[in-house]
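Quick notes on the structure that follows.
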Amino acid sequence: MDKVVATAVEAVADVPDGASLAVGGFGLSGVPNVLIQALYERGTSGLSVVSNNCGAMESGLAVLLAAGRIARVTGSYIGANKEFARQYLAGELEVEMIPQGTLAERLRAGGAGIPAFYTPAGVGTQVADGGLPWRYDGTGGIALASPPKEVREFDGVEYVLERAIRTDYALVRAARGDRHGNLVFNKSSRNFNPLAAMAGKVAIAEVEELVEPGTIDPDAVHLPGIFVQRVIALTPEQAADKKIEKRTVSN
């Protein structure tokens, strides 16, 4: 099955307002910037985003965030994104913060058809007990707090129950991909991309290099095409456009 779509705009054309999205990337590495820009140009809003972080340096998801297109974020890191912090504290944005390993496993479990799992991460904290501020009221108070989660003991150790994550769509970026949707990621850009694609009911991949089926050694495939529904090929200029978050030099 040829899953290649001509343009990014066409690839995201059916993403409606209020959709949930799992988005790959970590900082500036492996971020599907072209697909995100296409959503921005379409004016899609009210999005619920699941991603490790919400963009940086006015790129990636920060483009949608700054435009007020994101209603809810499920992630692990706010970091240096001042606009993210501002919207969260002002009560404009709902945010569910999750331990990073738990977020990764919730996405993977969603793609694997596992409804929930137990983990020791978060036991004895507000992650398990509830009370984490999901939304502030704009005056310093908490308008919506996280609910308590089930805690169960196994072999004398307590574990908290975490539910899997499934989203309407997923946006990811890969170094190579074929027309069947088989993907290969480059080094650290692999990060959350395979997991995000697995969690999305419709996974859309932008690839830096599009190849014909059979070109990629099956043993080299990081994500099988069964998890990917649409593929777009980036131009050489788009593929080469990679920013550096913190440039350092040494003597």
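Computed over heavy atoms, backbone and side chain alike; hydrogens, waters and symmetry mates excluded.
Asp241 is not listed as a side-chain neighbour of Asn33, based on a closest heavy-atom distance of 4.5 Å or more. No side-chain heavy atom of Leu234 sits less than 4.5 Å from a side-chain heavy atom of Val207. Looking at Phe84 and Val95, their side chains come closer than 4.5 Å, going by heavy atoms from C-beta outward. When side chains are defined from C-beta on, Leu39 counts as touching Leu171, because their heavy atoms get closer than 4.5 Å. A 4.5 Å side-chain heavy-atom check between Asp168 and Val202 finds every atom pair outside the cut-off. Two residues are said to be in side-chain contact when any heavy atoms from C-beta on lie closer than 4.5 Å; Glu212 and Arg179 meet this criterion. Side chains of Pro133 and Ile142 form a contact here, defined as non-hydrogen atoms less than 4.5 Å apart. In this structure the side chain of Leu210 never reaches within 4.5 angstrom of the side chain of Asp178, judged on heavy atoms.
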Q: Give the C-alpha distance, both sets of side-chain angles, the deciding distance and a yes or no for side-chain contact (heavy atoms from CB on, under 4.5 Å) between Leu223 and Asn182.
A: CA-CA 6 Å; Leu223 185 72; Asn182 298 301; over 6 Å; no
(Q) Let's go through Leu28 and Ser59 carefully: what are the C-alpha distance in whole Å and the side-chain angles of both, what is the deciding distance for side-chain contact (heavy atoms from CB on, under 4.5 Å) to 0.1 Å, and is it a yes or a no? (A) CA-CA 8 Å; Leu28 301 183; Ser59 68; 3.2 Å; yes
Q. So Leu93 and Ile70, side-chain contact (heavy atoms from CB on, under 4.5 Å) or not? Walk me through it.
A. CA-CA 7 Å; Leu93 185 68; Ile70 297 176; 4.0 Å; yes
Q: With side-chain contact (heavy atoms from CB on, under 4.5 Å) as the test, would you mind laying out the steps for Ile78 and Met97 before giving the verdict?
A: CA-CA 9 Å; Ile78 293 177; Met97 297 298 290; 4.2 Å; yes
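Gln87 contributes atom CD, which lies 15.0 Å from atom NZ of Lys82 (distance to the nearest 0.5 angstrom). In this structure, the separation between CD on Gln229 and NZ on Lys3 is 6.0 Å, given to the nearest 0.5 Å. Note that CG of Asn191 is 8.5 Å distant from CZ of Phe185, once rounded to the nearest 0.5 Å. Considering OH of Tyr88 and SG of Cys54, their distance stands at 13.0 Å, rounded to 0.5 Å. Note that the CG atom of Leu21 and the CG atom of Leu61 stand 8.0 Å from one another [nearest 0.5 Å]. Considering CG of Asn52 and CG of Leu103, their distance stands at 6.5 Å, rounded to 0.5 Å.
Within the hydrophobic cluster formed by Ile, Leu, Val, Met, Phe, Trp and Tyr side chains joined at under 4.5 Å, directly or through other members, Ile216 is accompanied by Val184, Val211, Val221. Taking Ile, Leu, Val, Met, Phe, Trp and Tyr as hydrophobic and joining them when side-chain heavy atoms fall under 4.5 Å apart, one finds Leu161 in a cluster with Tyr118, Phe154, Val157, Tyr159. Clustering of Ile, Leu, Val, Met, Phe, Trp and Tyr side chains at separations under 4.5 Å leaves Val9 isolated, with no partner residue.
The side chain to side chain donor-acceptor pair (under 3.5 Å) check on Thr44 picks up Arg42, with sequence neighbours excluded. With sequence neighbours left out, Phe117 forms a ring pair (Phe, Tyr, Trp, His ring centres under 6.0 Å) with no residue at all. Taking Asp155 as the reference, nothing meets the salt bridge (charged side-chain N to carboxylate O under 4.0 Å, His left out) condition, with sequence neighbours excluded. Take Tyr77 and apply the ring pair (Phe, Tyr, Trp, His ring centres under 6.0 Å) test, not counting sequence neighbours, and it matches no residue. Taking Glu153 as the reference, nothing meets the side chain to side chain donor-acceptor pair (under 3.5 Å) condition, with sequence neighbours excluded. The side chain to side chain donor-acceptor pair (under 3.5 Å) test applied to Glu158 returns no partner, not counting sequence neighbours.
Among all heavy-atom pairs drawn from Gly110 and Ala164, the shortest one is N-CB, 3.6 Å. Between Ala8 and Leu35, the shortest heavy-atom distance links the atoms CB-CD2, 4.1 Å. Taking every heavy atom of both residues into account, Lys149 and Val127 meet most closely at CD-O, 3.4 Å. Taking both residues in full, the closest heavy atoms of Ala11 and Ile232 are given as CB-CG2, 3.7 Å, listed atom of the first, atom of the second, then distance. When all heavy atoms of Ala203 and Ala197 are compared, the closest pair comes out as CB-O, 3.7 Å.
Annotation: salt bridge (Lys or Arg N to Asp or Glu O under 4.0 Å) contacts involving residues 198-207, sequence neighbours excluded, comprise Arg173-Glu206. Counting only residues at least two apart or on different chains, the salt bridge (Lys or Arg N to Asp or Glu O under 4.0 Å) pairs with a member in residues 7-22 are Asp14-Arg230. Listed by first and then second residue, the ring pair (Phe, Tyr, Trp, His ring centres under 6.0 Å) pairs that reach into residues 1-55 come to none, sequence neighbours excluded.
Glu96 and Arg135 are not joined by a salt bridge, as no carboxylate oxygen comes within less than 4.0 angstrom of a charged side-chain nitrogen. Comment: Arg176 does not engage Glu208 in a salt bridge, judged by the lack of any side-chain N to carboxylate O separation of less than 4.0 angstrom.
Leu195 and Val23 fall into different hydrophobic clusters, where Ile, Leu, Val, Met, Phe, Trp and Tyr are joined by side-chain heavy atoms under 4.5 Å apart, directly or via other members.
A side-chain donor-acceptor contact under 3.5 Å links Asn193 to the backbone of Gly30. At least one donor-acceptor pair under 3.5 Å links the side chain of Arg166 to the backbone N or O of Ala199. Judged purely by atom type and a 3.5 angstrom limit, Ser146 uses its side chain to pair as donor or acceptor with the backbone of Gly131.
There is a side-chain donor-acceptor pair under 3.5 Å between Thr74 and Arg72.
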